[in-house]
There are 2 protein chains.
Amino acid sequence: MSPDSGNKTTRDCLLEVAERLFAQKGYDAVSVREITNTAKCNLASVNYHFGNKKTLYLNVFRERWMLRAQYIRACFEENLAGCGDTSPASVIQSLAEALIKGPLTDEERLFHFQLMIREMTKPTEAFEIVMEETMKPTFEGLEQLFQPYLHESIDEDRTLLNILSIFSMVLYFNFARLPVSKIIGHAYDQRFKDRLVQHIVDFSLSGLPVKEIAR
Amino acid sequence: MSPDSGNKTTRDCLLEVAERLFAQKGYDAVSVREITNTAKCNLASVNYHFGNKKTLYLNVFRERWMLRAQYIRACFEENLAGCGDTSPASVIQSLAEALIKGPLTDEERLFHFQLMIREMTKPTEAFEIVMEETMKPTFEGLEQLFQPYLHESIDEDRTLLNILSIFSMVLYFNFARLPVSKIIGHAYDQRFKDRLVQHIVDFSLSGLPVKEIAR
DNA sequence: TTGACATTCAAACGTTCGTTTGATATACGT
DNA sequence: ACGTATATCAAACGAACGTTTGAATGTCAA
């Protein structure tokens, strides 16, 4: 018997289903039975293919989450190359587009950032993967890109805070779609995403659009 | 037998312990036994005082989370009154200080935002409390405060996006202390919090501190 | 002192959990 | 055709779960 529909292996099918469920509900709220029932395979297959539930969760990050992170990064670099320059405006635009519109489906993007948020609020072993192999390298790259354009008086710490601020916006608008929709008052559709990217670029470059120089 | 130490009632003690554990681990990762053991009271007391585990969780929001939200709001209004004006700079400064340094202890603040994040990633009935009774009124108030200072061409939606962006920073720097510390490379102490408030104000008003007018 | 009520307690309830087992089915080199 | 390795299966394991029970304790007005 093949798992689920299609020609995927049981192992891959388990990873796929597990990612969705872990992202939606969190590790503890998902049972092995729910995973194997959804994947239409036997209860024991989780332990057969991954040893235990915890290792399955870890492999979701190793084999699926990391892959998506690489897609996003590749998309960012492609976007940036298409800009012709590496000005802060181009960098932020490329980054926001890769993260908000990017190469992933809406569903994948939601899962990706939900898993990320879960690891940040209650870190497990997967946190190291997210942190060391994705965030740190990305942030260091951004730091290098921004550095030549920032005032000389800006030290490394302040640059990092700036990057973290941009990141916090992207993160928030990705995982908190429900509250964002509630506040804004309309759907999280393609038009809104375009607007969001533009907003993130504008805000990151200029902050609030205030009238006077009360800055 | 009184629960825990001190003169608190069993009920209050349960709420206090439950808030801490739910914030740290999430609803499903905390058992009723862990709560009652930590609170040094009987296993059955959760069901006696609250009916069931879910209602206890809900009451953590009703009786504790809402209270803290009110403290923070009061602190914000106090800060703003002390500024003498309601310019965006004063508003953001007052808001950031109330949320980052504020009237709560570091621990309380962490729990507060962890619970908030959990409701945003996987909303339960408590989400309505967070959203309707706290976030929406706050955001509407901020909108009113910012409106007169923003360019006439800025519509309501863009103002809300600006507010959400400021909020996303505050939220992120509050709940993601671990990754922030890892990225920045030093502790989340008082000095850092001062610096954080200053950064949030600066970034919200001006965005990235770029050299030229590449804006 | 008594009776009524509120609270705490140890023990048990039935259910679900993650994991293990041993039998069975399938695939493939020899 | 055979033997071995790989994969799936139904069934069961003990442990932990949320909840219930009924007796024991404390409190206080009458």
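These figures come from a predicted structure and were not determined experimentally. Residue numbers start from 1 in every chain, and the chains themselves are labelled A, B, ... in the order their sequence lines are given, proteins ahead of strands.
Atom pair K53(A):NZ and dA16(D):C1' shows a separation of 13 Å (rounding to whole Å applied). Atom P of nucleotide dC17(D) and atom CG of N52(B) are separated by 17 Å, given to the nearest angstrom. Nucleotide dG18(C) holds its P atom 12 Å from the CG atom of L21(A), rounded to whole Å. dC9(C) atom P lies 12 Å from atom CG of N37(B), rounded to whole Å. Straight-line distance from the CZ atom of F22(B) to the P atom of dG18(D): 9 Å, rounded to whole Å. Here dC17(C) presents its C1' atom at 11 Å from OH of Y27(A), a figure rounded to the nearest Å. The separation between L56(B) atom CG and dT19(D) atom P is 10 Å, rounded to whole Å. The separation between I35(B) atom CD1 and dC17(D) atom P is 11 Å, rounded to whole Å.
Remark: the N42(A) side chain and the S45(A) side chain contain no N/O donor-acceptor pair separated by less than 3.5 Å. Using a 3.5 Å distance cut-off with no hydrogens or angles, the side chains of S165(A) and N162(A) do not pair a donor with an acceptor. Between the side chains of N174(B) and H112(B), no donor-acceptor pair of N or O atoms lies under 3.5 Å.
Taking the six-membered ring where tryptophan is involved, the planes of F22(A) and Y27(A) are essentially parallel, since the angle between them stays under 30° and well short of 60°.
Taking only side-chain nitrogens and oxygens, S31(B) comes nearer than 4.0 Å to OP1 or OP2 of dC17(D). Between S45(A) and dC9(D) there is no side-chain N or O to OP1 or OP2 distance below 4.0 Å. Checking the phosphate oxygens (OP1, OP2) of dT8(C), a side-chain nitrogen or oxygen of H49(B) falls inside 4.0 Å.
Of the residues near DNA chain D, R33(A) and Y48(A), the one whose nearest nucleotide (by heavy atom distance) lies more toward the 5' end is Y48(A).
Interface remark: the N42(A) side chain does form a donor-acceptor pair with the dA10(D) base, using a distance-only criterion of under 3.5 Å.
Distance from the side chain of A44(A) is smallest to dT20(C) among dT20(C), dT8(C), dG18(D). The side chain of N47(A) has dT20(C) as its nearest neighbour among dT8(C), dG18(D), dT20(C).
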Show the numbers, then the answer: is there a ring pair (Phe, Tyr, Trp, His ring centres under 6.0 Å) between Y188(B) and F173(B)? CA-CA 10 Å; Y188(B) 199 102; F173(B) 285 120; 8.1 Å; no
